[in-house]
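Below you'll find the structure, written out as structure tokens, and then a few comments.
These numbers come from a predicted model, not from an experiment.
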Amino acid sequence: MGQIQKLKNNIKNSSFFGMIYLVIMWSFIKLLQIFIKPNKKQIMFISYSGRQYSDTPKEAYNMLREDPNFKDYEFVWAFNKPELFVQPELGRKVSANSLVFFYHLLKSKYWVTNSSIDRLVPFKHKRNVYIQFWHGIPMKTLGHEEIGLSPLVQYWYDHVQFDFMFTYGNYDLQKFKEIFPKTKHFVEQGQLRKNIVIRYQKNISAAQIKRQLGITSEKPVLLYVPTFRGYQAKEQTNLTQAALKELTKNYTVIYRGHYFSESVKQGQVITADTYSLYKLFMITDILISDFSSVFFDFAVYGKKIYMFQPDINEYYARRGVYLDAKKDLGLPVAYSEAELMDLLHTNHYDYGVLAKISKQYNDHDGDDAVTALKNILKHV
């Protein structure tokens, strides 16, 4: 872990240092607001708080830069480490870990993100438009219901003022009303994520993706996506190396960790922590996860989903969830590696469950969100 990340964690987890950080940064930003006038045609993008060039902010960026109606707009990307992102289509990049970042933030009238763009400083921004595409449907608890949440992050949840927050449907709309009480407008028009795979399908084939990952086998592709625990677990959480090795006998196994997690899988298992999740969707035949909301986005493709939850009691007690994968959603759940192997060897799979999940939680077309976003950028 880098020194900057350690400093961030110390600030987040301390009430005293967190309050000092808020007071200093709030005062600094208020001073900047006096002198900086936003550019009405400048948009700042940030994904996963500057960690990635991915997800909805990337789709929004690509969509807008290809639209002639936005050819005169200035696009700015913020990254924690801008030097790591060398994609040719990227224009101006700024460091999200610098004080200069806030100049670019205030200079941009529009902010497009899937997490926090304000560095956990929930200041008022009357001349800027904060557009939030959250990074998934809430499966695990957030905000006040999240156990052990740091004081600084909790303060952000309570006070951040999104001007527009996009939701998949009524379920996450109601949850986000509780989680982010200061949000001004909710846009129940779905997410741009449905268009990410469509964009990739136009530019790259499944065979090309497999070549990029070094896949030569004709075995079905099994994508394993465990979520981040955030605490020292006492029970088993992830599949063991032995279980993953066993799976490689019948499947091409790809491991993709949470963006907070470090890669630990080796050997015959393909590690793809930094590879596009939506490219992986294109070649995946079976998805295994635990408490991650990733399955909501994968369910629309009608391919098998299994949940592996050996630590379900500890996770419920120490992290908390809104939905039970088995009772509320009807997904097949394994509580041990032996159970998971049995499920995978079962010939029957209820694909109707996937259709019900998509209908109830993710029913909007991606183009609905496209139209809504463009209307905001042109008329607000």
Side-chain angles (χ1 to χ4, degrees), residues 1-33 46-52 78 80 95-99 101-102 105-106 111 113-125 128 130 132-163 165 172 174-184 186 227-234 237 258-262 291-293 311 314-322:
M1 184 183 296
Q3 292 300 318
I4 292 179
Q5 189 58 51
K6 288 182 180 179
L7 178 61
K8 288 180 181 178
N9 290 341
N10 289 336
I11 292 173
K12 280 199 301 184
N13 295 322
S14 168
S15 298
F16 176 72
F17 290 114
M19 184 56 64
I20 290 177
Y21 170 78
L22 282 175
V23 170
I24 293 174
M25 294 308 301
W26 185 88
S27 302
F28 173 69
I29 293 167
K30 285 300 174 184
L31 180 62
L32 287 181
Q33 284 179 316
I46 194 169
S47 182
Y48 294 108
S49 300
R51 295 177 182 87
Q52 298 183 12
N80 292 341
S95 172
N97 286 329
S98 67
L99 291 178
F101 163 79
F102 288 98
L105 182 67
L106 295 175
W111 309 338
T113 183
N114 63 353
S115 51
S116 164
I117 201 172
D118 45 27
R119 315 310 281 175
L120 297 179
V121 186
F123 61 93
K124 292 183 180 180
H125 48 275
N128 307 94
Y130 200 155
Q132 176 65 247
F133 291 93
W134 196 250
H135 49 277
I137 294 173
M139 175 75 171
K140 48 189 176 244
T141 55
L142 296 169
H144 276 290
E145 294 187 78
E146 182 177 342
I147 302 167
L149 190 64
S150 70
L152 182 61
V153 178
Q154 182 60 71
Y155 185 87
W156 179 78
Y157 275 112
D158 290 342
H159 294 87
V160 66
Q161 297 181 17
F162 303 139
D163 293 291
M165 184 169 195
D172 59 324
Q174 299 307 319
K175 289 298 178 187
F176 284 133
K177 283 183 176 179
E178 300 170 4
I179 296 165
F180 297 108
K182 299 290 186 179
T183 299
K184 296 178 181 178
F186 288 93
T227 194
F228 180 68
R229 291 300 186 271
Y231 56 82
Q232 190 66 41
K234 296 180 180 179
T237 58
H258 187 276
Y259 64 88
F260 277 132
S261 302
E262 296 181 1
F291 302 99
S292 171
S293 63
D311 60 331
E314 183 179 18
Y315 194 88
Y316 276 35
R318 299 186 64 176
R319 183 60 174 82
V321 299
Y322 294 120

* side-chain hydrogen bond (donor to acceptor under 3.5 Å, both in side chains) between Thr183 and Lys177: does it pass, once the steps are laid out? -> CA-CA 7 Å; Thr183 299; Lys177 283 183 176 179; over 6 Å; no

* To do: Might you confirm whether atom NZ of Lys182 has over 12 heavy atoms from other residues, nucleotides or ligands at distances under 6.0 Å?
  => no

* Structure fact -> For Asp118 and Pro122 the tightest heavy-atom approach is OD2-CA, 4.2 Å

* When rounded to the nearest 0.5 angstrom, what distance separates CG in Leu149 from CH2 in Trp156? -> 10.5 Å

* To do: Check step by step if side-chain contact (heavy atoms from CB on, under 4.5 Å) holds for Lys124 and Gln33.
  => CA-CA 10 Å; Lys124 292 183 180 180; Gln33 284 179 316; 5.9 Å; no

* Is the shortest heavy-atom distance from the side chain of Ile46 to the side chain of Arg119 under 4.5 Å? -> yes

* Asked: To the nearest 0.5 Å, what is the distance between CE (Met139) and NZ (Lys175)?
  -> 12.0 Å

* Structure fact -> Shortest non-hydrogen pair, Phe186 vs Phe180, comes out as CZ-O, 4.3 Å

* To do: State, to 0.1 Å, how close Ser116 and Ser49 come at their nearest heavy-atom pair, and which atoms those are.
  => O-OG, 3.5 Å

* Give the intermediate values and the outcome of side-chain contact (heavy atoms from CB on, under 4.5 Å) for residues Asp158 and Tyr155. => CA-CA 5 Å; Asp158 290 342; Tyr155 185 87; 5.8 Å; no

* Validation row: Val153, Leu120 side chains within 4.5 angstrom (heavy atoms) -> yes

* Check: Glu145 and Glu178 side chains under 4.5 Å, non-hydrogen atoms -> yes

* Check: Gln161 main-chain N/O paired with Gln132 side-chain donor or acceptor under 3.5 Å -> no

* So how far is it from Phe176 CZ to Ile137 CD1, rounded to the nearest 0.5 Å? -> 8.5 Å

* Asked: Which word best sums up how the rings of His125 and Phe123 line up, parallel for under 30°, tilted for 30 to 60°, or perpendicular for over 60°?
  -> perpendicular

* Are Trp26 and Ile24 close enough, and set up right, to give a side-chain contact (heavy atoms from CB on, under 4.5 Å), and what steps lead you there? -> CA-CA 6 Å; Trp26 185 88; Ile24 293 174; over 6 Å; no

* Structure fact -> Correct closest heavy-atom pair for Gly18 and Leu152 would be O-CD1, 4.0 Å

* Is a salt bridge present between Asp311 and Lys234, judged by a nitrogen-to-oxygen distance below 4.0 Å? -> no

* Separation between OH of Tyr157 and CD of Glu146, rounded to the nearest 0.5 Å -> 5.5 Å

* More than 12 heavy atoms of other residues, nucleotides or ligands under 6.0 Å from CZ of Phe17: is that the case? -> no

* Structure fact -> For Tyr130 and Thr113 the tightest heavy-atom approach is CE2-CG2, 3.6 Å

* Structure fact -> d(Asn114 CG, Tyr48 OH) to nearest 0.5 Å is 5.0 Å

* Asked: If you look at every heavy atom in Lys140 and Phe291, which pair is closest and at what distance?
  -> NZ-O, 4.2 Å

* Can you list the steps and then say if Phe28 with Val121 is a side-chain contact (heavy atoms from CB on, under 4.5 Å)? -> CA-CA 11 Å; Phe28 173 69; Val121 186; over 6 Å; no

* Asked: Is it true that atom NZ of Lys184 has more than 12 heavy atoms of other residues, nucleotides or ligands lying nearer than 6.0 Å?
  -> yes

* Would you please test Ser95 and Asn97 for side-chain hydrogen bond (donor to acceptor under 3.5 Å, both in side chains) and show each step? => CA-CA 5 Å; Ser95 172; Asn97 286 329; 5.1 Å; no

* Asked: So how far is it from Tyr316 OH to Ile147 CD1, rounded to the nearest 0.5 Å?
  -> 12.0 Å

* Any donor and acceptor pair, going by atom type alone, linking the side chain of Arg319 with main-chain N or O of Tyr231 inside 3.5 Å? -> no

